[in-house]
Amino acid sequence: MTFLILPHQTKAEVIGKIEAHVGNRIITSYDIESLDPVTYKKILNIPDETTRETQLSQYKEQALNFLIESTIMEIAAERDGIKVTDAEVDRAVNEIAANNKVSVEQFEKMITKEGVSLAQYRYQLRGQIIQARVRSQIFMPQVVITDEDMHNMIDKKGDEYGLKDRYKTKIITAQSKSEINKVIKEIKKGADFSDEARKNSLDVSAAEGGDLGWVDVTYVPLEMEKALEKVKNGGMTEPFKYNDFWAVCYVDGFQSKYTMDNETAGKIKNAIGEELFAKSVAEWLKKHKETIIVLKASDRFKVK
């Protein structure tokens, strides 16, 4: 059974045995049993006593840890002035059910088929609302995304956004290194690169003077990519191995992978923001955990 880390709803009265104190709040056996009543009842109906007790113990431990983490998050949020009421969660459930064109009762049946109780789903919604408010009220005003952040993200995940260095280039290929060096020598003497390509190149681009147009380094051999990188500002490359041939390129245009349209830049900024937010929340929650005392009833009987 997997539980999301979501906020715990406190009750006005104590129902059931106290299983844990979290700060000034309590978690009872009723909270644990009612978190996923369908699963809990299924476990209770297991005939074999050993299997039943093992699964019941696992369920209670997972449910308790889930509720502890949930309660810690809710306390931490309230310390920073962020609170989500039951009425707000009710409205959210009603809106989601309405958007699915079903009643709340029908919606509950839908999510139960997916293995999620309505209680768990309410915790999930409460947690999402809390995190959204923590994000907008505490962290987002502090987020500053620099050019360095953008470049680092593009270096790591540029492929996902279709961002790669591109070169406007021409190519000449020959059977051997000595032959390509002869061509290079003629070009250095003043011969036109395109003319030499038409006369000597074995590449299919020879008729167009070796013109390859804009080349994305994703689709060229590594040796060619390395050669092109050395002449970003324009000019002729050193000879390089090109599949079964030798080649030389002439670069007369370069487009950096860091150049992008506003839409792509926005997507990358959002991705960076999500990473910064996740890191900030983890640090924020860790700081609060250090000052929120958690006492489990079961720990009282452990030998330390």
Side-chain angles (χ1 to χ4, degrees), residues 140 142-280:
M140 291 312 290
Q142 304 172 10
V143 171
V144 177
I145 298 175
T146 65
D147 288 342
E148 183 180 1
D149 293 327
M150 293 288 288
H151 288 185
N152 288 339
M153 176 62 80
I154 293 167
D155 288 341
K156 287 192 301 182
K157 300 182 178 180
D159 289 350
E160 296 179 18
Y161 300 97
L163 297 176
K164 277 285 190 177
D165 287 339
R166 297 171 72 236
Y167 299 84
K168 192 171 186 300
T169 187
K170 300 172 185 176
I171 192 170
I172 298 173
T173 60
Q175 286 285 0
S176 65
K177 188 174 183 181
S178 61
E179 289 181 61
I180 203 68
N181 280 333
K182 288 179 183 178
V183 174
I184 292 172
K185 187 176 181 180
E186 291 302 313
I187 294 170
K188 287 182 176 179
K189 285 181 179 179
D192 182 74
F193 191 97
S194 296
D195 289 342
E196 289 298 312
R198 292 186 186 95
K199 290 188 297 183
N200 301 300
S201 182
L202 300 178
D203 192 73
V204 293
S205 63
E208 286 76 39
D211 189 10
L212 297 178
W214 284 98
V215 172
D216 183 335
V217 295
T218 305
Y219 305 107
V220 302
L222 182 60
E223 292 83 355
M224 183 175 179
E225 179 181 354
K226 289 180 178 179
L228 292 172
E229 284 180 350
K230 295 178 180 178
V231 288
K232 287 181 179 179
N233 295 324
M236 191 164 55
T237 69
E238 294 295 321
F240 58 90
K241 199 77 169 64
Y242 185 69
N243 299 325
D244 294 328
F245 301 96
W246 279 85
V248 63
C249 283
Y250 186 87
V251 174
D252 54 14
F254 172 69
Q255 186 179 75
S256 170
K257 62 183 175 181
Y258 303 125
T259 302
M260 71 205 82
D261 56 38
N262 291 334
E263 182 180 354
T264 303
K267 290 179 180 178
I268 294 174
K269 286 181 180 178
N270 287 339
I272 294 171
E274 290 297 329
E275 286 191 1
L276 293 175
F277 173 65
K279 181 179 179 180
S280 297

Q: Kindly write out the residues that satisfy side chain to side chain donor-acceptor pair (under 3.5 Å) with Glu274, not counting sequence neighbours, or none if the list is empty.
A: Arg135
Q) Judged by atom type as modelled, is there a donor-acceptor pair below 3.5 Å linking the side chain of Thr173 to the main-chain atoms of Asp203? A) yes
Q.
If I compare all heavy atoms of Met224 with all of Cys249, which pair ends up nearest, and what's the gap?
A. CE-SG, 3.7 Å
Q. Nearest 0.5 Å, what's the CD1-CD1 distance between Ile268 and Ile154?
A. 4.0 Å
(Q) Filter on side chain to side chain donor-acceptor pair (under 3.5 Å), then keep only pairs touching residues 219-242, sequence neighbours left out; what's left? (A) none
Q. Restricting to pairs with a member in residues 191-202, which pass side chain to side chain donor-acceptor pair (under 3.5 Å), not counting sequence neighbours?
A. Lys170-Ser194, Asp195-Arg198, Glu196-Lys199, Glu196-Asn200
Q: With rounding to the nearest 0.5 Å, note down the distance linking NZ in Lys168 to CG in Asp211.
A: 5.5 Å
Q: Given side chain to side chain contact (heavy atoms under 4.5 Å, CB included), test Phe193 with Val248 step by step and report yes or no.
A: CA-CA 10 Å; Phe193 191 97; Val248 63; 4.1 Å; yes
(Q) Quick check for you: to the nearest 0.5 Å, what is the distance between Ile187 atom CD1 and Met236 atom CE? (A) 5.0 Å
Q: Write out all pairs satisfying salt bridge (charged side-chain N to carboxylate O under 4.0 Å, His left out) with one or both partners inside residues 175-185, taking only residues at least two apart or from two chains.
A: none
Q) Closest heavy-atom contact between Gly210 and Ala197? A) N-CB, 3.7 Å
Q.
Testing the basics here: between Tyr161 and Ala271, what is the closest heavy-atom pair and its distance to 0.1 Å?
A. OH-CB, 3.4 Å
Q. Mind checking what makes ring-ring contact (aromatic ring centres under 6.0 Å, His included) contact with Phe254, not counting sequence neighbours?
A. Tyr167
Q: Scan residues 243-272 for pairs that pass side chain to side chain donor-acceptor pair (under 3.5 Å), counting only residues two or more places apart or in two chains.
A: Asp155-Lys257, Asp155-Tyr258, Arg166-Gln255, Asp261-Thr264
(Q) Using every non-hydrogen atom in the two residues, find where Ile145 and Gly273 come nearest and quote the distance to one decimal. (A) CD1-N, 4.2 Å
